[in-house]
Every structure is written in C-alpha cells, then in structure tokens.
Number of protein chains: 2
Amino acid sequence: MSIRIGIYGYGNLGKGVELAIGQNPDLTAVGVFTRRAPETVKTLTGLPVYPADEAIKMQKEIDVMILCGGSAFDLPEQTPYLARYFNVVDSFDTHAKIPQHAAAVDAAATGAKTTALISAGWDPGMFSLNRLYASAILPCGNDYTFWGKGVSQGHSDAVRRVEGVQDARQYTIPVQAALDAVRAGENPVLQTAEKHERVCYVVAKEGADKAKIEREIKTMPNYFADYHTTVYFITQEELDRDHAGLPHGGFVIRSGATGKNGEHKHVIEYSLKLDSNAEFTSSVLVSCARAAYRLNQEGVYGCKTLFDIPPAYLSAKSREELLVTML
Amino acid sequence: MSIRIGIYGYGNLGKGVELAIGQNPDLTAVGVFTRRAPETVKTLTGLPVYPADEAIKMQKEIDVMILCGGSAFDLPEQTPYLARYFNVVDSFDTHAKIPQHAAAVDAAATGAKTTALISAGWDPGMFSLNRLYASAILPCGNDYTFWGKGVSQGHSDAVRRVEGVQDARQYTIPVQAALDAVRAGENPVLQTAEKHERVCYVVAKEGADKAKIEREIKTMPNYFADYHTTVYFITQEELDRDHAGLPHGGFVIRSGATGKNGEHKHVIEYSLKLDSNAEFTSSVLVSCARAAYRLNQEGVYGCKTLFDIPPAYLSAKSREELLVTML
C-alpha cells in the first residue's frame, strides 16, 4: 500500500516534492494545498490543487503532509498547526530557533499522536547528520562546515537593493586554501569569513555609477564587509543565460586524532554538489515522509529530527534487502 | 554513571578500543579478555587482563562487550556465544555472510534479551550508512565505492607468499580518472578492477630473480591479474621506515538526478582518509557500544546494525545539546 502525501505550499520546494514523489514507487502524491486561488495554480504533473484552509478536511486521505513554506514566516505557524491533524515533515532552517520550533511542534504532535519530522534538508539535515556521526566517532577533533559553491538568495536580494542595481546573483564560494588546510589535518581556527568568499554578478541600470555600486556592495555590513568580495558587471542577457540555475552544495569535514598520543590523524569528509538546491532539499523531505509514516505506525509520536531516525526508515528497501545490498 | 566496557581480544583492534574508550568520558574500560596466558599480555593503559573463558563470570561488571576478533574464524562463533550473556558489538566484515551471521546473533540476543550491534566499522559501517542515506534521497542514480589509498593486508600477505619475497606491503589506490568521471556525474559502468590499481613494495631475498617475482605477482589470479599493478623493489630498511603504518580510506559517491526530465544532477560524496585503519574502526565500535547500551536500556533486544540505530544514540551529547550544537 502506497504512502499518501500532501504538499502544503507550491513554490520551488513544493514543485520539487511533487517530482521527487514520482521517483518513489511506494509513495503517492494526493494533491497540492495553496493559499493562492487554486484555479490559478497549475501543477507540473497534473496534481489536484486545493485551498490551504481545506487541508484539515482531508485528514483521512493523507498519511503525511510535507510543508513547503519558508522558515521566516510560514513554518513557525504552519508546522505546529498541521501537526495537530497530520504526520508532517518540514525543512525549518533557522538554526538558532530550532529548539523553540521543536518545542512548539512537539506539544502539538504529542497531543495529537502524530509524528513530526522537522529541519530536514541538507543544512540542517544531511550536514547535521554528518557533523553528529563524525564527532561521535572522533571525539577528539574539530568540525568544519563550508558552504558553496552556490547561490545565496539572501545575498542576491541584498545586492538587488543597492541603488542603481537592476538585477544580481551572488555566489558563496569556499576558500580553497582554507579547505586544503582542513583536509591536511592542520586544524586551523577559521571564522566564517575566512572560509568563504563572495562573488557578485551585477546588472547595472543604464547610467548608474558602477564604482559606487561596487563600493556599496563591498562595504555592506554583515553581508559583505567581512568577506573577500568580487563584483562583476554583466548584461541582463548574460545573467539570464549563465546564472539562471540555483546550484548549491558544500563540505562537512571532521579532522580528528586517535592513538596513545593522538599520533594518528583521520579526516572524514562529506560533500554535496547540487544543480538544484530546492530539488535536493525536496528529495530529502520525501524520504523523511516515509520515515515519519513508519514511526507513526509504530506508535512513535512527537517532534523528531534526522538525529532520531533509524537510517533504514528512510529507504524504500526492506531491512533484509538493505543488509544484502547496502551493508 | 559510566558505561562499563569489556574488550574481547587484544590485537590491533582491541588496543584501538582501549585507547578510544579513553577519549570518551562517559565510558569506562573494565578489562581485556584474551585466549593467551593473561600474564603474558601487557595492556597499553594498564587495564587488567582476564582469560577469555572467564568472561561470562563477569556479566554483572560489564555493560557492553566489544568483540575484537577476526571475521573469518573468531566472530562467527564468539558473537552468538557472548550475545547470550552480554550486549555486544562486533566488526564482522565478510559482506556475503552478514545475513547468516545476523540470524545467528539475533537468535542468541533475542533469547537472552541482550542487544547486539554487528558489522560496525567503516566498510561495512560508515560507508554502508552513506550508501543507504544517499540512495534513499536520490533513488534515481548510481552508487560507487572506491577503496584506498590504503594497505590491504590480504594482498600484502599474498605477495609475501611468492617465492623469493622476504617482505612486502601492498597499497590499493583508486584510479583517478574513474573518480573524476564519477564526480562529474558521468555515471560510468565500472568493475572493481577499473576503479582501483595496486602498488606493491617488495623486499626480495638475496639472489632472488626479481623479474620472476614481478611476473608472478602481476599474473596472480583474483589478487592482481585483473588490475593495473606496479611493483617496486626496495630494501627492508626502506620498507620498515616508509611503510610501517596501516593507513586506509576510500570514497562512497552517489550520482543522481532530479527534475522533470532528470535535468538536475547531484553528487553526494563521503570520504575517509585514515592514518590507522584499526584505530578508526575501534573508534566506531566504541560509539556503537554506547548505542547498544542505550537501546538495551530501552528494551530493544536482538541483532542490530548501524542501519537500525538512531544517530543520536551514538553520541555522548544529550538530544537537547545535539539540537543546539549540531543540527
């Protein structure tokens, strides 16, 4: 019997979930829930579209609701609310507010005997898992997380707000020398700004002062001032042609030591190179929906994260099949 | 309260376990169990040494027994036997025989209400986990496992058995072009011999026919004949000086696609670079001992693998601390 999935929110993430479900024969997409007028939304695979506020009428038709809204405004309200009615999965990614979000979701899910898996994706998500595993294995060591090469939407927006800028795209790029030092087991002490550089592709409005734009970007506090930042001016055509995608990725590296006097060094490295940030996150959400459903079937309720999920629960394969093919 | 660990077998792995326990303040090593005469064994940290056949008298003093024997002869007998008395962890690594080993251990552990975690290490172990996670997230894709650069003890032994060879060390090395093709998302079809090359450092006996030795190595069936193999003749001094360590490592890569027509490629890569194969494996075993103990405390009995373990159970940190520091 197929696990029936609802998709709550239909931006890049919701579309990615719709497509990812199609790659998993044991899952079925029931429909999309949107706050827009349903008749104005056309889904990629012809899924039915329902008004968001009618979702709870469909409790009996949906095994897991995947929430595809944003972490700033949508999920802090939606996840606790929907966890009262459904098993849910979200990608809440405001790291500092995770404990608070977890507590609100846990109260809702425990009361309703649903299972809620939050903060699934790649960071938080797969990167978090790798930080945990690596530090559990090598307690004497250091963790390093590098992001990129990838598009930061927040930084791209910040550049677009500079006077005279028509359009822009910002890439976060790991500093190669820092990566090399970490991989060599040198255990350097590195601030975020020492691990990453920023490259901006900017389309200036006609007649705009490019030198002034560049200066304003490079001195922008928090976003760019602390970083090595490079600004390239290009045409709108070039931006549309060469920078339309939303790739991302990064590296989680743990460098640790064992032996009587720490004489043996070990480096554990996990990396992602993603053509589509949203579609990869969606793929994680979909495998987590399977796990949330299974946990719920076993009577495990409340708020969970990937830290709590036996890995086998994410896979469509049976435990026996996994032993033979994966172990 | 500290988790009390017994170490069953005292070769490289047992010594690594002894040292790894010292890196984990929540664990205590109780002692070493050996089939040798206890008075002939001196432990690295002054742990007491007991005869192996008195282990079961110490049931009350030991929370988890870590088995440090070999997969060929020791573990198939020892793990099911000791699981009748203790929570156990082993590193059984004969991939083809895992289901059979799991069944024997499960019968023993279920009956005795103990928890047995088998096949912990890096392959099987961390590599297996990464194959599972990556394939669950990207069901449309291909898996690649590369081993090395590292010393293969089995291949080193095979070279030592060649007539005229005094000593030898064999390194397994991933083929760079194959790694590059996989990382580029080209999804090549590769046999083991196309992914790895073999390099042998050989000390010839005085007056031995080096050309004959090289020919015999390179044409040895199963071990070398299918591989690109390079043989270097060096002196015993050079071998002892430059090749004394037992480094190993490798790569698990999944290359997958998402999107309406698979237009977005994603590459997930996990790699290990280990100065000491045995000490890293020991470090995995020790974190698994913590997980086995916790599962047993919760009433989860029987044979488990890393696929069944919620990742948080491996860490000394509390769930709350993990949410704040790792997620």
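First the proteins, then the strands, lettered A, B, ... as listed; each starts at 1. Model, not experiment: these values are computed from the prediction.
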ask   = Looking at residues at least two apart in the chain, or sitting in another chain, which of them share a side chain to side chain contact (heavy atoms under 4.5 Å, CB included) with A/Thr79?
value =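 With sequence neighbours excluded, A/Thr79 shows a side chain to side chain contact (heavy atoms under 4.5 Å, CB included) to A/Leu67, A/Leu75, A/Val88, A/Asp90, A/His101, A/Val105, A/Ile118, given in chain and number order.
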
Heavy-atom nearest pair, A/Phe307 first then B/Leu323, reads CE1-N, 4.5 Å

Heavy-atom closest pair (A/Ser315 atom, B/Ala136 atom, distance to 0.1 Å) is CA-CB, 4.0 Å

Check whether [X] gets within reach of chain A through its side chain, its backbone, both or neither, counting any heavy atom under 4.5 Å.
| X | answer |
| --- | --- |
| B/Leu285 | neither |
| B/Leu322 | both |
| B/Asp93 | neither |
| B/Thr145 | neither |
| B/Leu138 | side chain |

Rounded to the nearest 0.5 Å, how far does [atom2] of [Y] lie from [atom1] of [X]?
| X | Y | atom1 | atom2 | value |
| --- | --- | --- | --- | --- |
| A/Ile137 | B/Phe280 | CD1 | CZ | 4.5 Å |
| A/Leu327 | B/Ser128 | CG | OG | 4.0 Å |
| B/Cys140 | A/Asn24 | SG | CG | 8.0 Å |

Using a cut-off of under 4.5 Å on heavy-atom pairs, state which of [options] scores highest against chain B.
| options | value |
| --- | --- |
| A/Pro124, A/Ser276, A/Ser287 | A/Ser276 |
| A/Lys15, A/Arg319, A/Met126, A/Glu320 | A/Arg319 |
| A/Ile98, A/Asp143, A/Leu19, A/Asp308 | A/Asp308 |

Notebook entry, point to check: Any side-chain heavy atom of A/Pro311 sitting closer than 4.5 Å to one from B/Tyr133?
Noted result: yes

* Asked: Do the side chains of A/Pro99 and B/Val324 get nearer than 4.5 Å, heavy atoms only?
  ->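 Side chain of B/Val324 against side chain of A/Pro99, heavy atoms only: contact under 4.5 Å found.
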
When the 4.5 angstrom heavy-atom criterion is applied to A/Ser135 and chain B, the contacting part is side chain

Under 4.5 Å to a heavy atom of chain B? For A/Val267 that would be both

Quick check for you: among B/Ile253, B/Leu314, B/Asp123, B/Thr325, which has the greatest number of heavy-atom pairs under 4.5 Å with chain A?
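So the answer, after comparing B/Ile253, B/Leu314, B/Asp123, B/Thr325, is B/Leu314.
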
Pair count under 4.5 Å, heavy atoms only, with chain A: among B/Tyr270, B/Trp122, B/Phe251, highest is B/Tyr270

Can you tell me if CG on B/Asp106 sees more than 12 non-hydrogen neighbours from other groups inside 6.0 Å?
yes

request  = With side chain to side chain contact (heavy atoms under 4.5 Å, CB included) as the test, would you mind laying out the steps for A/Glu269 and B/Ser271 before giving the verdict?
outcome  = CA-CA 5 Å; A/Glu269 176 168 338; B/Ser271 70; 3.5 Å; yes

Part of residues 256-266 of chain B lying next to chain A, heavy-atom separation under 4.5 Å: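 Those residues of residues 256-266 of chain B which have a heavy atom under 4.5 Å from chain A are B/Ala257, B/Thr258, B/Gly259, B/Lys260, B/Glu263, B/His264, B/Lys265, B/His266.
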
